[in-house]
Each structure stands twice: as structure tokens, then as C-alpha cells.
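Counting begins at 1 with the first residue of the sequence. Quick note: numbers below take in every heavy atom, side chains included, and nothing from hydrogens, waters or symmetry partners.
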Amino acid sequence: MKRIISLTLFVFCCFCASYGQLLYEVSGNSARAKSYIFATNKLVDISFLDSVPNLFKVYGQCDKVVTEMAINDFEAIAALRKAALLPDSILLSNWYSEDEYKQIDEAMQLTLKLGLDKLGRMKPSYLTELYRNELLKRWLGYDENRSSQNFFQSVAEQQDKPVYALDETGEAIYMAFDREPLHWQMKELLKIVQYPEREIQLEKAMLGFYRNGLLNELVYEASMPDNTSTLSYSDCKVYWQRNITWVKRLKPYLTDGNAFICLDALYLGGDEGLLAQLKSAGYRIRPVNRRNISK
């Protein structure tokens, strides 16, 4: 019986994947034209985009791109780099035992080729992200130069198509470095160094769900109580709260229509994800596939 259920679920997942569950059409609620939302994942290579039905077709119909943060906003990037620094009064060595500090230093030396003598002025959240990225490169083949996450932003810039950010600079800084108190950031940096396999296990599971277009399952995987990685339920709660603001900020773009919105899949799925919140706000959300795309 379990085998039959598993087989049925597998067939269902494959069916969903073949019908482009990563790309959604947004209409209604006084929108003058349709817009589209595409779920991204930074681990996915650019070549994967060819497998998403009608993705390039609907992008070509749009006259603007909306995303979390514009990658070519150099003032915002400079502000983020500055915000990644710890205050002069705080030293990482004061927050850890001698053995813990040594463990973190050795892990950074091994993966980043830089120790805490060079990196010790950076906020723990920044170091955690740097270390996670190196783990993803080593174990899951992450290549930031081939990542599909910012592909449409880059194409839009080349085409002189406007790119709009949903987060203001201060909000981007908060999400990157300050959404968790400093003492918790210190714990998470130590945790990722001590248990790197937890990060890989979660990212691998979410990547599998992403490739099958299962956004709800992807979010549930990250927010489950048994997830012991540094990306957890508390992070998802922050994303869900931000979605409320994003629905309001998306309104003028959706009313005008022809917007191509590309956001991380983790923000979109689930009962409190952006897709659900847009639906609650009165928009019609439906997956794009080969059969229902407009001419």
C-alpha cells in the first residue's frame, strides 16, 4: 500500500514539474495587464531555465523586472558592505571559548583560505553566509557565476529594461545582518562550523523540491521543527512578515501590469508565502504551462 501511495505521489510530482510550477501568472484586482512571478534558487544553473515552459516567452512580454534587491545598485551594495562590519567595541574572541574560537578560525582557514585575523571584524551572520556558500560550492556544485537567480536582472540591464527592488537599502541590511540578535548570530556561526552536514542536508532537500516545482514542500522543509540548520522557522517567520509589506509594494507594478517578478522560492510557497498572500489580497494566481499561456 505504501508503495502504491509513493508511486502515486511520484507521478503527481512529475506531472506538476512538467507544467511549470515555478512560474505563475498574476491577474485581477484591477490589473490592466497580466504579470508573472518566477521562483528562483541560487543553486540552480542557468541551463535549467530552458526546462521551464514559456519562461522566456512571458519574460519577453514584460516591460519591467521586480526583485528583492537590484544587483547593480552600487550605493546599496556599498552600504551593505559597510553594515557587515562589527562595531569596534565588539570582538569575536570575547564571545567564544578558546577552543570554539580556534575551531571557527580553522574552519575559515580551510574553506575560505582566510582566518579570523582577517575576517574577525565581520558580523557573524556575514561569516555564516560566506561559509555556507563555500559548503554549497563543495558539496552541491554551487557556481555563483552560473547561478540562475540573478539571470533576468542581468538580461534586463542589458536590454535597458527597468529593474525595481522591493526592499529599501536599510531593509536589505536588516535582513542580511540584523534580523537576529548578535548573540544568536554567534551561536549560528559556531553551529554551522560544527555541523555543516545539516546545511547541506536542508539545501539538498529544498533543491529537490525546487526542481520539481514543489514550492509549498520546499517552505515546509525549512520551517519544520526538526530542521536544525541555521536556516529555520524563525527565518521563515521574518520572511512571511515581510511578505505583507511586499504585497503592498507590488500593487503599483501589478496594477500597471507586464511585470516580471523574480524572487527566491523560499519567499513564495506555503500558507503565508507571497503567492498565498497575493491571492488573499484579491489577485488571481495560476501556474503557467504550455497550454494556458496567452498568445
Q.
Looking at every heavy atom in both Asn227 and Ser232, which two are closest together, and how far apart are they?
A. ND2-CA, 3.6 Å

Q. Does Arg179 reach the side chain of Tyr239, with side-chain heavy atoms less than 4.5 Å apart?
A. yes

Q | Euclidean distance, Met108 CE relative to Glu106 CD, rounded to 0.5 Å | A | 12.0 Å

(Q) Show the nearest heavy-atom pair for residues Leu86 and Pro124, with the distance to one decimal. (A) CD2-CD, 4.1 Å

Q: State whether the side chain of Arg146 and the backbone N or O of Ile46 hold a donor-acceptor pair below 3.5 Å, judged by distance alone.
A: no

Side chains of residues 265-281: which donor-acceptor partners sit under 3.5 Å, not counting sequence neighbours?
{"unit_1": "Tyr267", "atom_1": "OH", "unit_2": "Glu68", "atom_2": "OE1", "d": "3.2"}
{"unit_1": "Tyr267", "atom_1": "OH", "unit_2": "Glu68", "atom_2": "OE2", "d": "3.4"}
{"unit_1": "Asp271", "atom_1": "OD1", "unit_2": "Tyr220", "atom_2": "OH", "d": "3.3"}
{"unit_1": "Gln277", "atom_1": "OE1", "unit_2": "Ile244", "atom_2": "N", "d": "3.4"}
{"unit_1": "Gln277", "atom_1": "NE2", "unit_2": "Trp240", "atom_2": "O", "d": "3.3"}
{"unit_1": "Gln277", "atom_1": "NE2", "unit_2": "Glu272", "atom_2": "O", "d": "2.8"}
{"unit_1": "Ser280", "atom_1": "OG", "unit_2": "Ala276", "atom_2": "O", "d": "3.1"}

Q. So if you build clusters from Ile, Leu, Val, Met, Phe, Trp, Tyr with side-chain heavy-atom gaps below 4.5 Å, do Val238 and Met224 land together?
A. no

Q: Taking the side chain as every heavy atom from C-beta outward, state whether Ile104 and Leu116 have any pair of such atoms under 4.5 Å apart.
A: yes

Q.
Has Thr230 got a side-chain atom pairing as donor or acceptor with Glu188's backbone, closer than 3.5 angstrom?
A. no

Q. So if you build clusters from Ile, Leu, Val, Met, Phe, Trp, Tyr with side-chain heavy-atom gaps below 4.5 Å, do Ile192 and Leu140 land together?
A. yes

Q. Hey, mind stepping through Lys161 and Asp63 against salt bridge (charged side-chain N to carboxylate O under 4.0 Å, His left out) and telling me if it holds?
A. CA-CA 6 Å; Lys161 188 177 291 190; Asp63 57 18; over 6 Å; no

Q: Measure from the side-chain N and O atoms of Tyr101 to the backbone N and O of Asn94, and report whether any donor-acceptor pair falls under 3.5 Å.
A: no

(Q) Within the 4.5 Å heavy-atom criterion, are Leu22 and Phe48 side-chain neighbours or not? (A) yes

Q.
Tell me whether Trp184 shares a hydrophobic cluster with Met175, the cluster being built from Ile, Leu, Val, Met, Phe, Trp, Tyr side chains joined at under 4.5 Å.
A. no

(Q) I'd like to know if Leu231 and Tyr195 are part of one continuous hydrophobic network [Ile/Leu/Val/Met/Phe/Trp/Tyr, side-chain heavy atoms within less than 4.5 Å]. (A) no

Q | CD/Glu171: more than 12 non-hydrogen atoms of other groups inside 6.0 Å | A | yes

Q) When rounded to the nearest 0.5 angstrom, what distance separates CE in Met69 from CG in Asp167? A) 9.0 Å

Q.
Atom NZ of residue position Lys187 - does it have more than 12 heavy atoms of other residues, nucleotides or ligands inside 6.0 Å?
A. no

Q.
So does Glu100 get a backbone contact from the side chain of Ser97, meaning a donor-acceptor N/O pair under 3.5 Å?
A. yes

Q.
Just verifying a value: how many Å separate Gln153 CD and Asn72 CG, rounded to the nearest 0.5 Å?
A. 7.5 Å

Q | Exam field: side chain Ser223 to backbone Cys236, donor-acceptor pair closer than 3.5 Å | A | no

Q: Work out which heavy atom in Asn29 is nearest to a heavy atom in Gly282; give both atom names and the distance.
A: CB-O, 3.6 Å

Q. Does the Glu221 side chain pair with the main chain of Met206, one donor and one acceptor, at a distance under 3.5 Å?
A. no

Q. If every non-hydrogen atom of Ala39 is compared with every non-hydrogen atom of Tyr210, which pair is closest and at what distance?
A. O-OH, 2.7 Å

**Q.** Approximate separation, where rounding is to 0.5 Å, of Leu119 CG and Asp105 CG
**A.** 9.0 Å

Q. Which value, rounded to the nearest 0.5 Å, describes the distance between Arg242 atom CZ and Leu166 atom CG?
A. 8.5 Å

**Q.** hydrophobic_cluster_shared for Trp95 and Leu85, side chain cutoff 4.5 Å
**A.** yes

Q) Can you find a heavy atom in the side chain of Val65 that is under 4.5 Å from one in the side chain of Cys262? A) yes

Q) Is the CD atom of Glu75 crowded by more than 12 outside heavy atoms at less than 6.0 Å? A) no

Q) Do any N or O atoms from the side chain of Ser154 and from the backbone of Asn150 form a donor-acceptor pair under 3.5 angstrom? A) yes

Q) Do the side chain of Arg121 and the main chain of Pro87 share a donor and acceptor less than 3.5 angstrom apart? A) yes

Q. So, the side chain of Ser229 versus the backbone of Arg198: is there a donor-acceptor pair under 3.5 Å, distance only?
A. no

Q. Where the side chain of Thr40 meets the backbone of Leu263, is there a donor-acceptor pair that is under 3.5 Å apart?
A. yes

Q. Which pairs count as salt bridge (charged side-chain N to carboxylate O under 4.0 Å, His left out) when at least one residue sits in residues 108-118, sequence neighbours excluded?
A. none

Q.
I want to check a possible cation-pi pair here: Lys42 against Tyr142, using under 6.0 Å from ring centre and within 45° of the ring axis as the test.
A. yes

(Q) Could you check whether Glu25 pairs with Arg284 (Lys NZ or Arg NE/NH1/NH2 to Asp/Glu carboxylate O, under 4.0 Å)? (A) no

Q. Ring centres of Tyr24 and Tyr36 under 6.0 Å apart?
A. no

Q: For Phe260, enumerate each residue passing the ring pair (Phe, Tyr, Trp, His ring centres under 6.0 Å) test, keeping only those at least two apart in sequence or located in another chain.
A: Tyr59, Phe152

Q.
Let me confirm one number: the CD1-CD distance from Ile71 to Gln149, rounded to the nearest 0.5 Å.
A. 10.0 Å

